[in-house]
Amino acid sequence: MTVHTILKMGDPRLLRVAEPVTTFDTDELHQLVSDLRDTMRAANGAGLAAPQIGVNLQLVIFGSHEQNPRYPDRPLVPPTVLLNPVILPLGSEEEEDWEGCLSVPGLRGLVPRWKHIRYQGFDVHGKPIDRMAEGFHARVVQHECDHLVGKLYPMRMRDLTSFGYTDVLFPGIGDADE
Ligand code: NI
């Protein structure tokens with residue numbers, strides 16, 4: 001069980017473009033996935049990207065087995081380890097919803113995302129993943145994959161009047177400190 005420190009906005013390592021994974025199914029990769037899982041669970045996150053713990057690789061994890069206290073009203077997302085992801089929007093429909101990020105603790109913002117996407121990549125063994133997603137699932141994938149190109153959700157916002165502290169925006173919901 002290794003819980004890493006999650007880098008916070010302002011750290012230049014969150015602004016890098018991550019390197020693709022070239023060798024799958026290695027001990028190092030399995031250890032990284034295990035560390036990301038431990039770190040995400042300890043923080044009650046819905047997803048975590050390797051760059052958030054300072055590892056500059058195209059690897060994200062997301063999803064939840066049970067309801068997440070940070071997102072009590074959100075549908076479940078299949079637990080996934082995704083390497084070298086590519087996202088294709090399906091149609092031009094966008095949707096705005098609230099997001100938080102473990103690298104931006106205590107805050108939430110209203111972020112536009114593609115409503116329907118197809119995403120492709122590989123699992124940790126190198127087996128291809130190819131899925132359609134919509135709504136919250138699609139949002140989580142887009143948010144996590146943004147970490148691989150150095151983007152944090154505030155950079156995707158169009159109106160900063162919809163950016164604020166979680167405990168002020170949503171009193172009584174989730175933990176104020178994320
Ligand atoms: Ni994030």
Side-chain angles (χ1 to χ4, degrees), residues 4 6-24 29 32-37 39-41 43-64 68 70-71 74-105 107-158 178:
H4 288 256
I6 298 175
L7 304 183
K8 290 195 283 191
M9 185 167 64
D11 192 307
R13 288 173 288 177
L14 290 170
L15 303 177
R16 298 184 293 190
V17 175
E19 302 288 339
V21 174
T22 53
T23 312
F24 298 91
L29 221 44
L32 174 60
V33 168
S34 165
D35 288 0
L36 282 168
R37 263 201 204 106
T39 304
M40 181 179 88
R41 283 184 187 147
N44 281 325
L48 193 64
Q52 290 180 277
I53 61 166
V55 176
N56 199 35
L57 282 177
Q58 292 181 20
L59 193 161
V60 302
I61 67 168
F62 54 82
S64 49
N68 184 320
R70 285 179 69 229
Y71 299 99
R74 294 291 172 79
L76 299 181
V77 175
T80 303
V81 178
L82 182 65
L83 286 67
N84 300 352
V86 176
I87 295 176
L88 305 155
L90 298 176
S92 55
E93 201 179 343
E94 290 182 352
E95 156 174 275
E96 287 203 312
D97 208 346
W98 294 95
E99 292 185 20
C101 179
L102 296 172
S103 293
V104 191
L107 294 159
R108 296 281 172 94
L110 206 50
V111 185
R113 299 286 185 188
W114 301 114
K115 187 171 182 188
H116 300 274
I117 61 166
R118 175 179 182 181
Y119 65 95
Q120 296 167 302
F122 300 90
D123 73 7
V124 72
H125 304 285
K127 188 172 152 247
I129 291 172
D130 187 349
R131 289 183 188 156
M132 313 282 194
E134 63 176 11
F136 183 59
H137 181 181
R139 175 170 298 276
V140 168
V141 174
Q142 289 170 84
H143 175 115
E144 294 314 323
C145 292
D146 258 359
H147 281 294
L148 307 180
V149 291
K151 297 277 185 210
L152 299 169
Y153 79 79
M155 302 174 191
R156 296 293 190 195
M157 292 181 64
R158 295 191 183 130
E178 303 255 303

Report the residues that fulfil side chain to side chain donor-acceptor pair (under 3.5 Å) with E94, sequence neighbours left out, ordered by chain and then residue number. R158

Pairing residues for E134 by the salt bridge (Lys or Arg N to Asp or Glu O under 4.0 Å) criterion, not counting sequence neighbours: none

Between NE2 of H125 and CG of L83, what distance do you get to the nearest 0.5 Å? 10.5 Å

Less than 4.5 Å apart, any side-chain heavy atom of Q52 and any of L14? yes

Is any side-chain heavy atom of I6 closer than 4.5 Å to one of L48? yes

Going by heavy atoms in the side chains, are P85 and V141 under 4.5 Å from each other? no

Going by the rule ring pair (Phe, Tyr, Trp, His ring centres under 6.0 Å), which residues pair with H137 if we only count those two or more places apart in sequence or in a different chain? Y119

Does any N or O in the side chain of N84 come within less than 3.5 Å of the main-chain N or O of V21, such that one atom is a donor and the other an acceptor? yes

Quick note, salt bridge (charged side-chain N to carboxylate O under 4.0 Å, His left out) partners involving residues 10-20, not counting sequence neighbours, are D11-R13

Looking only at heavy atoms, what is the nearest atom pair of R139 and E96, with distance? NH2-C, 3.5 Å

Decide yes or no on side-chain contact (heavy atoms from CB on, under 4.5 Å) for D97 and F136, but give the supporting numbers first. CA-CA 9 Å; D97 208 346; F136 183 59; 5.7 Å; no

M9 vs C101 side-chain heavy atoms within contact, under 4.5 Å: no

Distance-minimising heavy-atom pair for F24 and V124: CB-O, 3.6 Å

To the closest 0.5 Å, what do you measure between CD (E93) and NZ (K115)? 4.5 Å

Answer yes or no: is there a side-chain heavy-atom contact under 4.5 Å between V81 and L36? no

State whether the side chain of T80 and the backbone N or O of P78 hold a donor-acceptor pair below 3.5 Å, judged by distance alone. yes

From the options L102, L7, L32, select the one residue that forms a side chain to side chain contact (heavy atoms under 4.5 Å, CB included) with I53. L32

Could you give the distance from CG (L82) to CD1 (I87), rounded to the nearest 0.5 Å? 8.0 Å

So, for E144 and A49, which heavy atoms are closest and what is the spacing to 0.1 Å? OE1-N, 3.6 Å

Would you name the heavy atoms of L15 and M155 that are closest together and state the gap between them? CD2-CE, 3.4 Å

Residues forming a side chain to side chain donor-acceptor pair (under 3.5 Å) with Q142, sequence neighbours excluded: none

Test of understanding: with side chain to side chain contact (heavy atoms under 4.5 Å, CB included), list the residues that count as partners of R156, not counting sequence neighbours. V111, R113, D146, K151

Run V55 and D35 through side-chain contact (heavy atoms from CB on, under 4.5 Å) and show every step you take. CA-CA 11 Å; V55 176; D35 288 0; over 6 Å; no

Donor-acceptor contact present, side-chain Q120 to main-chain V86, <3.5 Å: no

For N56 against V17, the heavy-atom pair lying closest together: ND2-O, 3.4 Å

Over all heavy atoms of both residues, which pair between W114 and P89 is shortest? Give the atoms and the distance, please. CD2-CB, 3.5 Å

